[in-house]
Each structure stands twice: as structure tokens, then as C-alpha cells.
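A short write-up of the structure that comes next.
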Amino acid sequence: MAGVFCPLSSSKFRSLSSTNPTLHLSKPHLPATAFPCSSPSLSKTCPPALHPSKAHLSSATLSRTHKANPSRIRALSQNPLEEPENPSYFCETENPSPKSSSPNNPSHDSSQNPFLQRQLVEDDHPREECGVVGIYGDPEASRLCYLALHALQHRGQEGAGIVSVNNNVLHSVTGTGLVSDVFSQSKLAQLPGSSAIGHVRYSTAGSSMLKNVQPFVAGYRFGSVGVAHNGNLVNYRTLRDTLEDQGSIFNTSSDTEVVLHLIAISKERPFFLRIVNACKQLEGAYSMVFITEDKLVAVRDPHGFRPLVMGRRENGAVVFASETCALDLIEAKYEREVNPGEVIIVDNAEGVSSLCLLPHREPKPCVFEHIYFSLPNSVVFGKSVYKSRYTIGQILAKEAPVECDVVIAVPDSGVVAALGYAAMAGVPFQQGLIRSHYVGRTFIEPSQRIRDFGVKLKLAPVRDVLEGKRVVVVDDSIVRGTTSSKIVRLIKEAGAKEVHMRIASPPIIGSCFYGVDTPSPDELISNKMNVEKVREFIGSDSLAFLPLESLKKFMGGSEFCYACFSGDYPVPPRDVKIKHLGDFVDDGLSGKVDEGWTHAPSN
Ligand SMILES: O=P(O)(O)OC[C@H]1O[C@H](OP(=O)(O)OP(=O)(O)O)[C@H](O)[C@@H]1O
Ligand SMILES: NC(=O)CC[C@H](N)C(=O)O
């Protein structure tokens with residue numbers, strides 16, 4: 001087994017292969033990786049003990065459902081992504097004229113526009129992803145997990161859950177809604193123990209039902225395992241079909257469940273090699289934390305699409321989280337990222353062991369984390385999100401200048417880029433839109449006749465800032481175009497003389513298959529229209545996007561995934577997006593049963 005395990009250069013990490021004679025490693029040739037394997041000096045960090053005894057499984061609230069005949073699941077194919085008609089990034093009207101809510105302006109009147117009409121009845125934003133957390137060696141593990149999930153709430157609002165381990169028993173509480181909806185003092189009291197994992201969910205595979213809320217817990221031959229996953233598996237359907245052919249029965253319609261089945265059927269010993277064995281069969285994005293009776297394991301896929309960081313509390317407790325903002329909240333010091341393709345095992349016997357067991361591929365972290373998803377106070381992929389957004393705003397001001405009196409942001413995610421834009425343009429930044437923090441993200445507009453009600457409820461214009469002004473409005477992205485069109489109208493109604501939209505990312509032309517629930521390509525406005533047509537649609541006097549080349553240059557070239565802007569997918573999306581595979585039984589929460597048919601993209 002020489003050369004298989006690669007301890008990192010930090011002396012805190014050690015190679016299991018060289019020091020643990022009890023391991024029975026039956027796989028002779030695990031792939032070599034490019035991680036630093038230089039440090040011969042190894043030491044252990046041992047968090048407080050867990051008590052070994054017989055394993056049991058205790059799941060608190062999840063009621064399992066059953067799946068019917070897989071042959072009824074339709075195979076789907078997706079059209080190749082189209083190039084947008086015009087690849088230019090900047091567009092303005094020669095003669096800016098107000099395009100307010102006048103019904104005479106067809107380009108801006110949603111009732112005349114089938115594209116917009118469809119959007120009005122749907123949630124019209126890029127969906128968040130998911131957030132994961134894992135804590136080992138703290139007597140307050142589940143409470144810390146709960147706090148960390150609050151810090152990660154922006155990554156998923158459909159459901160939340162925590163699994164803790166106490167006396168070799170796994171305890172689980174999961175529920176739909178926000179972290180504050182799911183957990184109470186009494187629920188947290190049901191989660192004793194010094195290790196725990198947690199999850200906030202925005203679904204990418206499997207609908208928004210209680211049964212799909214993570215972490216999942218399963219019993220297998222030698223014990224129990226819980227998993228929390230951020231990402232999306234592009235070969236999920238194929239794996240599930242194969243497993244079902246072999247007799248596996250699935251409890252959920254989430255892609256994540258295949259991981260547990262693959263672990264259960266693996267013949268590898270010890271446990272972490274089962275995880276490695278399972279992960280080798282996965283394609284796509286996964287930043288995952290696993291919990292067992294005596295271990296916490298963190299894994300990141302070989303491309304490192306999704307973030308995952310490691311930190312440590314003063315008492316030595318080891319913490320993993322999707323973003324550093326979660327570490328900050330629970331006073332864990334950021335140590336480093338979990339590297340792409342790395343498996344980190346934390347247990348009482350060995351402390352922290354870092355293994356490079358998955359094939360090493362070109363890193364492709366998601367650039368959209370820096371543009372939209374992560375909080376600005378986080379360090380993601382080793383870079384400050386705040387700095388990225390600020391610099392992107394500055395670049396945008398250089399690339400797409402316009403005469404203006406004031407720069408405002410679409411809160412929240414446009415704020416930092418707007419600050420950068422204003423600083424570079426030498427124009428005051430002002431709060432021209434006030435956001436209500438009491439409106440949930442799942443707000444549904446009541447009817448088309450009062451179609452701006454939703455955006456007005458969330459964003460209120462400040463007339464004092466806008467009246468008679470030439471206004472630059474900075475937002476992070478345009479997905480379907482509905483937010484921008486409504487905002488332009490609001491700002492014009494508040495008396496702005498001109499409205500110039502500046503978007504701190506390139507046009508989005510492709511769906512994400514790696515954990516972001518973006519709409520299908522036919523719903524992405526920049527996939528259907530060139531910049532001038534998008535400008536007409538949103539009704540602004542000018543519109544400019546950040547050029548993709550400028551973004552790449554700033555982020556450092558091809559070391560990121562830009563698939564949503566370029567259509568170049570580092571891992572080919574083999575299966576189409578499947579939100580409802582296996583949803584044959586309603587758990588009474590989603591209010592709909594789709595009889596198991598997958599939802600085909602309309603193009
Ligand atoms: O083109 P659309 O389909 O309308 O989607 C784009 C909008 O959605 C996001 O905002 P979100 O409402 O998620 O708020 P946030 O900025 O607070 O994250 C994003 O910041 C854009 O404003
Ligand atoms: N957004 C995500 O990371 C989702 C994780 C997983 N694919 C799910 O749908 O639950």
C-alpha cells in the first residue's frame with residue numbers, strides 16, 4: 001500500500017497506512033494524487049472520547065415512504081445549449097426613454113409576454129444550494145451544529161436537519177422549512193453527544209419533501225452512518241437504476257441516497273474505504289460529511305465544485321462547514337479547505353487523518369459561489385468573497401462606464417459589487433432600495449394583476465435617492481430577468497431619470513448540474529435573447545454584463561467552473577435534472593404527488 005495514502009504537509013495530519021497495522025486494505029492500487037505529501041513528521045490530535053458499544057439507530061421525525069416500479073420512469077434527453085444570439089456584454093439605448101409600467105410598452109408588459117407570464121407564477125430566482133456542517137469532539141456538538149446551520153441558512157431554506165451520536169447511537173431530527181422552524185430547545189435536547197452533522201437543503205434532485213431532508217441515516221451490516229451532502233450527482237439516475245436492478249429499495253427521491261447504498265454494498269474494510277469506494281462511482285459535485293458511531297468523515301469531489309472548509313475550536317473540536325462564516329459564528333478557527341479529492345477522517349483513535357484517495361482532477365470550484373451564493377464575510381476556495389465582489393464591481397465600472405449621479409445595489413447580493421463600482425466610478429453609493437427581511441424567499445405572487453406586489457413587498461425604492469437621477473443599479477446576476485424588470489419599473493416609478501443596469505457576472509446561458517438549482521436553458525433569458533433584447537425586456541436605458549474573459553482573468557483563469565456562463569461542463573451532464581424521481585408517495589407536506597414521472601425540460 002505504499003504511496004496510497006498521502007499525509008498533508010501539516011504535522012497535524014498523518015498517514016494511516018504507515019502507522020495503523022489494523023487496517024485491512026484490500027484495494028491494492030488506489031490512485032496517486034497531486035496533493036502535497038511531503039511531511040514525514042506526523043502527529044495526532046485526539047478529540048474527547050466516544051464510548052464504543054453496540055450500535056443502534058434512532059431517527060426522530062422522518063417518516064419513510066416507498067417507491068413503485070422504476071420502469072415507469074421516462075428517459076429524458078436535453079437539447080444542447082444554444083449560444084446566445086449576440087455574445088456582446090454591453091447594450092444601451094441611443095435615446096433613453098422611460099419604459100415604465102405603461103401597458104403600451106409590450107416589451108415591458110408581462111401580460112403581453114409569454115416568457116414573463118410563465119415566470120410570474122414561478123419562484124424566479126437562482127436557487128441556493130445546500131450547506132453542510134460536521135463537528136467532532138465537543139459536548140455541545142448539536143447546539144453548535146444548530147448555530148452553524150443558521151450561519152449557512154442562505155444556502156438552503158427548504159429543510160434542515162441534524163444527526164448526533166451519543167453512546168454509539170445515532171439520533172436524528174429533520175424537518176422542512178428554516179432552521180428556526182425545525183429546531184427548538186426540546187428538539188435539540190433529543191440530540192445528545194459530542195459529534196454531529198447538519199444540513200440545510202435546497203433540492204437539486206428529489207422534490208422538497210420531508211423524506212428528502214438531510215442528513216440521511218442508514219444502518220448497514222457493520223453499523224450506522226449519517227450523511228449530509230452539498231452538490232449534485234450527474235450520474236445519479238444511472239446509479240439508482242443499477243442499484244434498484246440489484247434489489248435496493250430507496251426511501252427517498254434524493255440523489256444523495258445512492259451514496260448510502262453504495263457504502264452498504266461495498267466490500268471494503270475499514271469503513272472509510274467503503275466511502276472511498278462509493279465516491280469513486282460518483283460523478284458530479286459532492287462536498288459531504290459522514291458520521292458513524294465513532295467517526296466523522298469529510299469528503300470533497302475530485303474537481304472540488306462545492307466548498308468545504310475545516311476549522312478547530314479552542315477545545316480541540318474539529319469542525320467542517322460549507323463556508324467559513326459558519327466557523328466564525330461558533331468560534332472555530334479556520335485551518336484550511338478540504339482539498340478536492342481528499343478524505344479527512346476524524347476519530348478518537350487516530351485523531352485527524354487526511355487521505356488523498358480519490359483521483360486527482362483539474363480543480364473546478366464553482367465561480368458562482370463568489371458571485372452569488374456565499375456570504376461576503378466568507379472565505380471560499382481560499383479567496384475572500386467580499387474582495388471578489390468588490391473587485392468585480394470595479395472591473396465592471398471600467399468595462400461599462402456610464403454617466404450617472406448615483407450607484408445603488410439590488411440587495412443583498414448586489415451590494416458589495418455596487419460598492420466597488422461606485423468607488424471606481426467616483427460616484428456616490430446610496431441605498432436606493434430597502435429590503436424587507438421579513439419576506440420569505442418562497443413568497444408566491446398572488447395573481448398576475450398585482451404582479452409587482454412581490455417585489456414591492458421585498459424591495460422598497462427610496463424616492464429621495466432616485467428622483468430626477470441617472471441611476472446605475474448593480475445586481476449580481478440575471479437569471480430569468482424577472483427581478484431586473486420589476487426593479488427597473490420600481491425605480492422609474494420613483495422618479496429616476498435614467499436607469500442603467502450593471503450585472504456583476506456574465507450572462508447565464510447554461511443550467512448548473514453540480515448543485516445549483518438553476519432553471520432549464522429555455523428559461524434562462526440570456527440563453528434566449530442577446531443583450532439588447534434583454535435590455536428591452538427589462539426596460540432599462542442601458543444594460544451591461546461583466547465579460548466572461550474579464551471574470552476569468554480576475555479569478556485566475558480556468559481553475560474554476562464557468563459552465564453556467566460558457567456552456568462548457570467539466571463533467572458532462574449525463575442525466576438530465578431530475579427533481580421528482582421516485583416521488584410516488586406524498587408525505588403530506590409538499591401537497592403534490594407526481595406519480596413518479598420525471599419532469600422533462602420543455603426544449
Ligand atoms: O433574473 P431573476 O430570475 O429574477 O433572478 C436574479 C435575481 O435573483 C437573485 O436575487 P435573490 O432574490 O435570490 O436575493 P438575494 O440578492 O438577496 O440573494 C439575484 O441576486 C438576482 O437579483
Ligand atoms: N443543493 C444541494 O447541494 C442539494 C443536495 C442534494 N442533491 C439534494 O437535492 O438534496
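Residue numbers start at 1 and run along the sequence shown. Just so you know, ligand 1 is whichever comes first in the structure, and atom 1 is the first atom listed for that ligand. Every heavy atom of this structure was used, including side-chain atoms; hydrogens, water molecules and symmetry mates were not.
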Of S388, S374, S322, which is the lone residue that meets side chain to side chain donor-acceptor pair (under 3.5 Å) with E369? S374

I'd like the name of whichever of T482, D476, D412 reaches closest to atom 20 (O) of ligand 1 through any heavy atom. D476

Would you indicate which of I538, I508, T483, I487 comes nearest to atom 7 (C) of ligand 1 when only heavy atoms are counted?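 Of the listed residues, T483 has the closest heavy atom.
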
Is a donor from one side chain sitting under 3.5 angstrom from an acceptor on the other, for N339 and R300?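 Checked: N339/R300 side chains show no N/O donor-acceptor pair below 3.5 Å.
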
Any side-chain donor-acceptor pair under 3.5 Å between D301 and S287? no

Evaluation steps, side-chain hydrogen bond (donor to acceptor under 3.5 Å, both in side chains), between Q214 and T256: CA-CA 9 Å; Q214 301 186 29; T256 309; 2.9 Å; yes

Counting from 1, what ligand 2 atoms have a heavy atom of [X] closer than 4.0 Å?
| X | answer |
| --- | --- |
| D255 | 6 (C), 7 (N), 8 (C), 9 (O) |
| Q214 | 6 (C), 8 (C), 10 (O) |
| T256 | 6 (C) |
| G231 | 2 (C), 3 (O), 4 (C), 5 (C), 6 (C), 7 (N) |

Would [X] count as a polar contact of ligand 1, with the cut-off being nitrogen or oxygen pairs under 3.5 Å?
| X | result |
| --- | --- |
| I478 | no |
| S484 | no |
| V479 | yes |

Residue-level breakdown please: for R435 versus ligand 1, do any non-hydrogen atoms fall below 4.0 Å on the side chain, on the backbone, on both, or on neither? side chain

If you take all heavy atoms of I509 and G567, which pair is closest and at what distance? CD1-N, 4.2 Å

Taking all non-hydrogen atoms of both residues into account, name the closest pair between A504 and I392 and its distance. O-CG2, 3.5 Å

For ligand 2, is R155 a contact, meaning one of its heavy atoms is under 4.0 Å away?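 In this structure, R155 fails to qualify as a contact of ligand 2 - no heavy atom is under 4.0 Å.
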
Below 4.0 Å from ligand 2: does a non-hydrogen atom of N230 turn up there or not? yes

When you measure from the heavy atoms of K486 to every atom of ligand 1, does any distance fall below 4.0 Å? no

Which ligand 1 atoms are under 4.0 Å away from a heavy-atom of S413? 15 (P), 16 (O), 18 (O), 20 (O)

Do L433 and V462 have side chains that get closer than 4.5 Å, going by heavy atoms? no

Can you see whether Y421 has R502 sitting over its ring - NZ or CZ less than 6.0 Å from the centre and within 45° of the normal? no

Taking the six-membered ring for Trp, are Y514 and H303 ring centroids under 6.0 Å apart? no

